[in-house]
Amino acid sequence: MKYVLVAINLPVKNLFRQFIYGLPDSMGQAGEGWRVVVPFGPQKVEGFIVRDFDREEALALLQKENPGFSIDKMKEVTAVLGTRPWFSEEMMGTAKWLAGYYMCSLAEAMRLFIPGKTSIRRKPVYQEGRLIAYEIEERLKARTVVAYTITEMGKAALAEGSRRAKAQMQALEVLLHATEPLDRKEAEAQHISGAVLQTLAEKGWALRTEKRLLRNSYDRQAERKETLQLTEEQAQAVAAIKASLDYFPAGKPAEEETDEPGAAVFGGDAGKQKTETTCEKTRPQEFLLQGITGSGKTEVYLRAADHALRQGKQVLVLVPEIALTAQIVQRFQAWFGQEVAVAHSKLSQNERGDVWYKMRTGEANVLIGVRSAVFAPFKNLGLVMVDEEQETSYKQEERPAYHAREVARYRCKNSGAVLVLGSATPSLESYFRAVSGRIGHLQLKRRPGSSFLPAVDVVDMREELAQKNYSVISRKLRRELIATVHADQQAIVLLNRRGYSTFVMCRDCGETLTCPHCAVSLVFHADEQAMRCHYCGNTYPIPETCPHCGSRRIKFFGSGTQKAEQEIGQMPGIQVLRMDQDSTATKMAHEEIIRRFSRKEANVLLGTQMVAKGHDIPDVTLVGILAADSTLNMPDFRASERGFSLLTQAAGRAGRGDKPGRVVLQTYDPENEIITLAARQDYETFAGHELAMRKELLYPPYGEILKVTVVDKEEKKAWELADEMARFLRSRYEAEHWERTEIMGPFPSGVAKVRDLYRINIVVKSQAMEQVKACLLASRYRTVKNVFFDVDPIMAI
DNA sequence: AGCACGCCGACT
DNA sequence: GTCGGCGTGCTC
């Protein structure tokens with residue numbers, strides 16, 4: 001009998017240990033990377049084998065970890081799931097690294113790789129109407145499709161022909177030319193009914209099989225659509241990526257890679273890795289593809305993917321949000337057809353399982369997906385491209401708080417895949433890596449063809465107030481909007497605030513109306529005639545009197561998309577479509593709104609940041625940006641970066657066809673440097689200034705950040721634990737002399753209370769983060785509840 | 001996650 | 001006196 005070390009798949013923070021089980025000889029094929037069912041306490045749960053060993057090794061480990069425990073009391077693995085290991089060596093390595101780096105248990109890291117939370121389900125067993133037991137069943141049933149191939153008899157029948165059975169002859173004809181068994185769906189696409197196939201099978205003319213075979217169908221050169229001539233810059237970028245793809249053999253770690261992928265086996269570890277991605281001067285394994293808006297990054301992606309596929313490698317394309325990137329999916333499908341699989345959060349567990357299966361077997365070879373797609377199993381991953389790599393949606397906010405770009409980087413490093421990070425406004429971390437020569441830097445500074453960057457007008461809204469214009473829309477933008485629709489062109493207006501009025505204040509006592517469960521202002525939503533909390537989602541009636549002092553002099557302040565919609569809708573000749581979280585949830589999906597807009601059912605598209613991203617509508621010649629400063633004034637170190645990116649992206653929507661575009665940018669702070677730089681689309685200057693500031697303040701990329709959040713429904717308890725942890729960290733800092741480290745806080749989180757839970761933060765900035773993490777993981781705080789570790793947080797407040 | 005164990009308030 | 005609240009700890 002063998003013995004195995006099993007990580008228990010339970011979403012529990014404090015289950016850092018793994019457990020030893022006997023593996024009956026009948027299950028001898030199982031080993032590291034296999035999924036199993038094990039008895040755990042009184043229940044049966046799913047687990048992952050992370051190591052296997054013989055009796056002596058098992059004894060030795062048991063002796064070390066738990067001397068009081070007899071090996072004879074050891075339980076045995078109940079069942080083995082699947083017919084091969086779920087985790088490849090590379091996936092295991094990535095999971096171990098992730099657990100250490102993001103400070104979660106190995107099981108928590110490993111379960112990210114499973115499509116769905118667990119792959120088993122507990123089925124109740126009844127006897128005479130009484131529940132007597134639970135049975136474990138596999139959730140993901142291997143799904144096979146009935147498919148048909150032509151037989152010799154069928155060929156003969158086809159050669160002979162038939163005057164009566166026209167449909168059958170047609171079906172035989174199709175089967176004859178098919179390169180693989182044809183299933184019902186594929187047949188129906190070619191106007192052959194399932195009934196006919198059935199008849200063929202009965203006659204012995206076709207063979208009924210179950211389809212579950214691998215294929216390598218990427219040899220349909222005729223379908224390639226190289227309609228566009230690449231620009232010089234694009235061609236250079238493609239050539240550089242191709243050269244790296246030629247150099248790096250997929251499936252193997254890069255040559256210079258020497259360090260072990262972490263030793264987080266018995267009890268996790270503290271993220272020991274910190275190695276730069278291999279960067280050979282001429283053939284880096286990682287690139288930043290920095291291209292201004294409209295410069296054609298997708299063209300580069302497509303050709304790089306094409307090259308990888310020709311080498312028999314698989315391609316992963318990460319996108320920030322699938323709904324906003326329908327265009328990328330369409331372009332890839334036009335090029336690569338059936339090779340493309342798509343993974344997004346709305347897939348069912350089974351659909352997701354199917355997509356994972358396709359990638360693992362090589363039935364599909366391009367995966368386009370959001371954050372979680374980075375955990376898909378691959379047969380032979382050779383190229384990963386992260387589109388809009390600066391987007392914050394790549395960071396998971398819940399535990400484990402991983403960043404998909406970093407996971408992609410680790411997977412690439414360990415599998416010899418090439419990584420391409422694409423952006424018009426890269427994260428400063430990636431930009432820094434590129435300009436300092438750690439990774440390749442590919443730049444697209446020009447838009448192809450006759451398209452130019454739009455001209456930007458900055459409007460000072462204080463001047464509007466002085467001129468007694470109290471509208472959200474400046475006089476200039478109003479004129480431009482009317483002129484644009486008059487010329488039969490379209491406009492996009494960005495206002496990054498949902499609702500109608502953004503806060504309600506009492507004129508007598510100055511109190512603003514806040515959510516009773518969260519520490520934020522309530523927003524008035526005109527469509528529901530209610531006050532809504534944007535954090536917990538609760539709605540409340542519109543107050544007639546101030547809940548604080550009873551005064552009736554209550555006033556609505558601030559403008560959101562609903563108010564702007566009303567104002568713009570009243571302008572002559574304008575039909576406005578609103579796109580924000582509310583309109584996409586209740587009425588139509590993003591795609592439907594974009595589709596209606598591009599069909600010109602409306603001439604103004606108004607909305608939150610989702611109007612700024614990923615789509616390309618040729619008749620848009622005007623972009624209006626209202627309250628350009630609203631995102632810049634957040635008290636967070638990344639606020640400038642996010643603001644600059646949003647302004648640049650929004651401005652980049654204008655003039656993407658052959659008509660020149662213009663942008664009207666409204667602000668109360670026209671001298672703001674970020675606004676003026678965004679108006680000029682001057683990323684380099686922005687990045688230079690921002691990097692200098694970050695260096696000064698020890699923010700990334702110069703220092704790493706760890707945010708520790710203590711959560712409790714009792715404010716006092718949260719403070720007590722946070723104070724204690726801060727004291728602990730400071731004393732360890734004194735004792736261990738960590739390299740350049742600052743410990744800030746504890747202080748209340750940016751939103752100090754959400755759903756009645758108080759949130760207190762401690763933020764550590766450090767150039768010795770590995771030691772800081774190790775210190776915390778060795779302490780009792782690793783498993784204490786109500787404490788959340790966020791490594792490389794998006795916000796440090 | 002489940003489930004057992006254990007230590008303080010309102011009840012037949 | 002006891003039932004049961006849910007905080008704490010354990011699962012090979």
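Atom set for the values below is all heavy atoms of this structure, side chains included, hydrogens, waters and symmetry mates excluded. Convention: sequence-line order gives letters A, B, ...; per-chain numbering from 1.
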Checklist line | Residue pairs passing the salt bridge (charged side-chain N to carboxylate O under 4.0 Å, His left out) test where at least one lies in residues 727-737 of chain A, sequence neighbours excluded | finding: A:Arg732-A:Glu736
Checklist line | Protein-nucleotide distance (A:Leu5, atom CG; C:dT11, atom P), rounded to Å | finding: 15 Å
Note to self: How many whole angstroms separate atom CD1 of A:Ile8 from atom P of C:dC12?
What the structure shows: 8 Å
Check: How long is the line joining CZ of A:Phe16 and C1' of C:dT11, in whole Å?
Finding: 17 Å
Next item on the list: Could you grab the distance from atom CG of A:Asp354 to atom CH2 of A:Trp356, nearest 0.5 Å is fine?
Entry: 11.5 Å
Next item on the list: May I have the distance from A:Asn786 (atom CG) to C:dG7 (atom C1'), rounded to whole angstrom?
Entry: 12 Å
Item checked: Heavy-atom protein contacts under 4.0 Å, nucleotides 1-6 of chain B, coded B base, S sugar-phosphate only, - none -> BSS---
Next item on the list: Quickly work out the A:Lys785 NZ to C:dG9 C1' distance and round it to whole Å.
Entry: 11 Å
Checklist line | For A:Glu321, side chain to side chain donor-acceptor pair (under 3.5 Å) partners two or more places apart | finding: none
Checklist line | A:Arg17 side-chain N/O to C:dC12 phosphate OP1/OP2 under 4.0 Å | finding: no
Item checked: Polar contact flag, side-chain donor to acceptor under 3.5 angstrom, A:Ser427-A:Glu389 -> yes
Check: What is the distance from NZ of A:Lys44 to P of C:dC12, rounded to the nearest Å?
Finding: 11 Å
Next item on the list: Quick one: list whatever passes side-chain contact (heavy atoms from CB on, under 4.5 Å) with A:Pro746, sequence neighbours left out.
Entry: A:Trp719, A:Ala722, A:Asp723, A:Ala726, A:Ile760, A:Ile762
Checklist line | Residues that A:Ala519 engages under side-chain contact (heavy atoms from CB on, under 4.5 Å), provided they are two or more places apart | finding: A:Ala752, A:Lys753
Notebook entry, point to check: Which residue pairs pass the side-chain hydrogen bond (donor to acceptor under 3.5 Å, both in side chains) test with at least one member in residues 784-794 of chain A, sequence neighbours excluded?
Noted result: A:Tyr101-A:Asp792, A:Lys395-A:Asp790, A:Asp712-A:Asn786
Next item on the list: Strictly below 4.0 Å, heavy-atom distances to any atom of DNA chain C: list the hits from residues 66-75 of chain A, or just say none.
Entry: A:Asn66, A:Phe69, A:Met74, A:Lys75
Check: Can you name the residues that form a salt bridge (Lys or Arg N to Asp or Glu O under 4.0 Å) with A:Glu714, not counting sequence neighbours?
Finding: A:Lys717
Next item on the list: Output every pair passing salt bridge (charged side-chain N to carboxylate O under 4.0 Å, His left out) with a member in residues 100-112 of chain A, not counting sequence neighbours, ordered by first then second residue.
Entry: A:Glu108-A:Arg399
Check: Touch check for A:Leu62, heavy atoms < 4.0 angstrom, all strands: base, sugar-phosphate only, or nothing?
Finding: base
